Amino acid sequence: MARMTMIEAVRDAMDVSMGQDPSVVVFGEDVGYFGGVFRATQGLQEKYGRDRCFDAPISESGIVGAAIGMAANGLRPCVEIQFADYMYPAYDQITQEAARIRYRSNGDFTCPITIRMPTGGGIFGGQTHSQSPEALFTHVSGLKVVIPSNPYDAKGLLISAIEDPDPVIFMEPKRLYNGPFDGHHDRPVTPWSKHDAGEVPAGRYAIPLGKAAKVREGSGLTLLTYGTMVHVALAAAAETGVDAEILDLRTLLPLDLDAIVESVNKTGRCVILHEATLTSGFGGELAALVAQHCFYRLEAPIRRVAGWDTPYPHAQEWAYFPGPARVGQAMLETMEG
Amino acid sequence: MSELHRSSLSLHVPEPEVRPGGSPDFSNVVIPRAGEAPRPEPDARAEDIRKLAFTIIRVLNREGEAVGPWAGSLTDEQLKAGLRHMLLLRAFDSRMVIAQRQGKTSFYIQNLGEEAIACAFRKALGPGDMNFPTYRQAGLLIAGDYPLVTMMNQIYSNAGDPLKGRQLPIMYSTRENGFFTISGNLATQYPQAVGWAMASAIKKDDKIAAAWIGDGSTAESDFHAGLVFASTYKAPVILNVVNNQWAISTFQGVARGGAGTFAARGLGFGIPSLRVDGNDYLAVHAVASWAVERARRNLGPTLIEHVTYRAGAHSTSDDPSAYRPKGESDAWPLGDPVIRLKNHLIAKGLWSEERHVQLAAETMDEVMSAQKEAESLGTLHSGDRPSSRDMFEGVYAEMPPHLRRQRQEAGV
């Protein structure tokens, strides 16, 4: 089996999808000839032609709006928003249009589109290349929100997203593109070629949306997270010795509540971790669900570890990023009571 | 010395010529003579037909004659059908405004004074073409012979509402009739129409799309996004701007700014842009047909500014007497589209005042009989309605667990 980076896995998913279904088209800023600023679409234009993989004007609203129209006319667009931070001009099209086409037309029209966007920080991107706006999408009925944490999942989930009959926001943690970053920014990067999850089968396989993955079995506490933070959580567990059960949620909407409840009911303790800012973040939703469904099994307060409620800073990136030290401390506190 | 040139600045806020209490004045609206504007070949380049973005293409003259190079796109029978569609729409509007006042629905938007635009445009399109309308293009449905009773069922959110009560009245959707689901927010449909047209080209299909927007909403960024995508990919799309002078209470000058016309916006994108008399059924049809030919021949997009006047209120929630002078509608120099087509048919010896009165009565009967049928299924506050269970359906193709739980919680 081939080992791939996450970028290669994402590209392979689009390649497989375009190969098996002529209605799949890919476009976005710089994605055509050049193959995308992160190279996710490299070679697709050459392979499938300019009318199936092409550059778009710098207009996120236009990109998503056009994709909605294409979907209404039988295509399955998979578009790239160059950075999640650039999605705001398209927010109206995503939330009031794509998400509601099926509902408001009672299925007369549908919107099978996938909107890919690199998310998260850790690359010194400053405040407009580092954001994690997933909660702005999970709050919208009609959307699905997916955030993979490794190449294997990225390919299988992206194929599912493209084949899905409804709009999917596919957020790719850009810090994971080349390797499983555990938050230790001062250490050499581990490439995906040295990680099991870098093994990606050729051809089509799909990972169902709405299913979490247990990435570490444990009995001490449950740690709920997704994306880059999956690897940070694994590092924190190893470094603190806390026997954490770590769930990689993979899909935030719809959420795998059963897996969460089963795990927290088993461990009785819960830490929630995300890179996005704390207040009104997706962790708040998770905490509410855990409190509601596992209240009588909880032996400690639910703790959230998240980005501080500031814009994502540039020079202070590592003070902002919820790295293994902060996560480890929250785990230890949660074990104490 | 530079200090001498530094006087204090002042902000320019445009104002309409006249406000309530004043006399309507359209003397600043230049109305060219009918038949004057040339008709270029459909493969003309935008820069070679610039003047058409600043004039008004008109076919019907004051005597009701069809004159000039844009005349002759319709047969006598088509003209009579056009008059019938406009009268039907006018009757529909009048009954639905009353129904709203009677509390049978929450909201209505009428098309009064703008009937020619959507009714004539619809007849220039073919089967399978797709409109991305705003809330004031019901004429597309009427001229497409969409059932009146289905429209009313939607307006009443009753048991026959094809949209299951989920949408505000008049936000119709019918793929079969080439009418994309109206959202109710503004301008979003513009890039969508362009995308639909791009898909047609990608699929090597022969269908085209039409985008619709009002003068006020051209200020939205999505209007410009639509134009740039249409221009870049030469999409087979017709970009309609209905300039009815008023965006609720805001006169068109606030969105138009310093540009001469809304059609002029298209020129910067290299899109052939034409201004047409929106109250002239023949002119609208001729210009629409020209644009349709361009799109079908893969020559790319066309922008059409339909110059008209919103004779009624913005919606049933609006009272225009608060912001525009009384009688302004009567003073509108392009007249009434129904009367103008009627006069044309009379001038051609195809019609009479008596037959017109008779047709108006017939169309009203048709509307009232559809209304009776729709009301037998219920209105917003009476009779059978879509169930609360329906509220949870159709958010996704397959209902996810959290919605299933919420539906159980709601007990429906």
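Reckoned from all heavy atoms, side chains included, excluding hydrogens, waters and symmetry mates. Bear in mind the structure is a predicted one, so any value in this text is a computation, not a measurement. The chains referred to below are lettered A, B, ... by the order of the sequence lines, with proteins before strands, and numbering in each begins at 1.
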Between [options], which has the largest tally of heavy atom pairs under 4.5 Å with chain A?
options                        : answer
B:A201, B:A397, B:S200, B:A197 : B:A397
B:N185, B:D205, B:V194, B:V228 : B:N185
B:D222, B:L403, B:T232         : B:D222
B:D161, B:L163, B:L168         : B:L163
B:G226, B:P162, B:A225, B:S173 : B:S173

Chain B contact via [X] - side chain, backbone, both or neither, heavy atoms under 4.5 Å:
X      : result
A:P165 : side chain
A:A56  : both
A:V64  : neither

Are side-chain heavy atoms of [X] and [Y] found at a separation under 4.5 Å?
X      : Y      : answer
A:D108 : B:F179 : no
B:M198 : A:F27  : no
A:M70  : B:I202 : yes

field: Residue that, paired with A:R104, satisfies side-chain contact (heavy atoms from CB on, under 4.5 Å) out of B:R166, B:K164, B:Q167
entry: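 Among B:R166, B:K164, B:Q167, the one that satisfies the side-chain contact (heavy atoms from CB on, under 4.5 Å) with A:R104 is B:Q167.
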query: In terms of heavy-atom pairs under 4.5 Å with chain B, which of A:S105, A:P254, A:S59 leads?
result: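 Heavy-atom pair counts peak at A:S105.
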Derivation of the side chain to side chain contact (heavy atoms under 4.5 Å, CB included) call for B:F229 and A:I63: CA-CA 9 Å; B:F229 273 68; A:I63 290 167; 3.8 Å; yes
query: Minimum heavy-atom separation for A:V140 to B:Y396, with atom names?
result: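 Heavy-atom minimum between the residues: O-OH, 4.4 Å.
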task: Identify the two heavy atoms, one from B:F180 and one from A:A72, that lie closest to each other, and give their separation to 0.1 Å.
output: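 Closest pair (atom of B:F180, atom of A:A72, distance): CE1-CB, 3.7 Å.
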Residue part contacting chain A, namely of [X], when any heavy atom lies under 4.5 Å:
X      : value
B:Y233 : side chain
B:I182 : backbone
B:A193 : neither
B:M399 : neither

Could you check whether atom [atom1] of [X] has more than 12 heavy atoms from other residues, nucleotides or ligands sitting under 6.0 Å from it?
X      : atom1 : answer
A:R297 : CZ    : no
A:E46  : CD    : no
A:Y33  : OH    : no
B:R297 : CZ    : yes
A:E262 : CD    : no

Polar side-chain atom of [X] near backbone of [Y] as donor-acceptor pair, under 3.5 Å:
X      : Y      : result
A:R100 : B:S183 : no
A:Y103 : B:E393 : no
B:K203 : A:N73  : yes

message: With salt bridge (Lys or Arg N to Asp or Glu O under 4.0 Å) as the rule and sequence neighbours excluded, what pairs involving residues 158-168 of chain A come up?
response: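 Every pair satisfying salt bridge (Lys or Arg N to Asp or Glu O under 4.0 Å) with a residue in residues 158-168 of chain A: A:R102-A:D166, A:K144-A:D164, A:E163-A:R204.
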Can you measure from [atom1] ([X]) to [atom2] ([Y]) and round to the nearest 0.5 angstrom?
X      : Y      : atom1 : atom2 : value
A:S61  : B:H224 : OG    : NE2   : 11.5 Å
B:E398 : A:L209 : CD    : CG    : 10.5 Å
B:Q192 : A:I101 : CD    : CD1   : 5.0 Å

Sorted by number, residues from residues 127-147 of chain B in contact with chain A (heavy atoms, under 4.5 Å):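 Listed by number, the contacting residues are B:M130.
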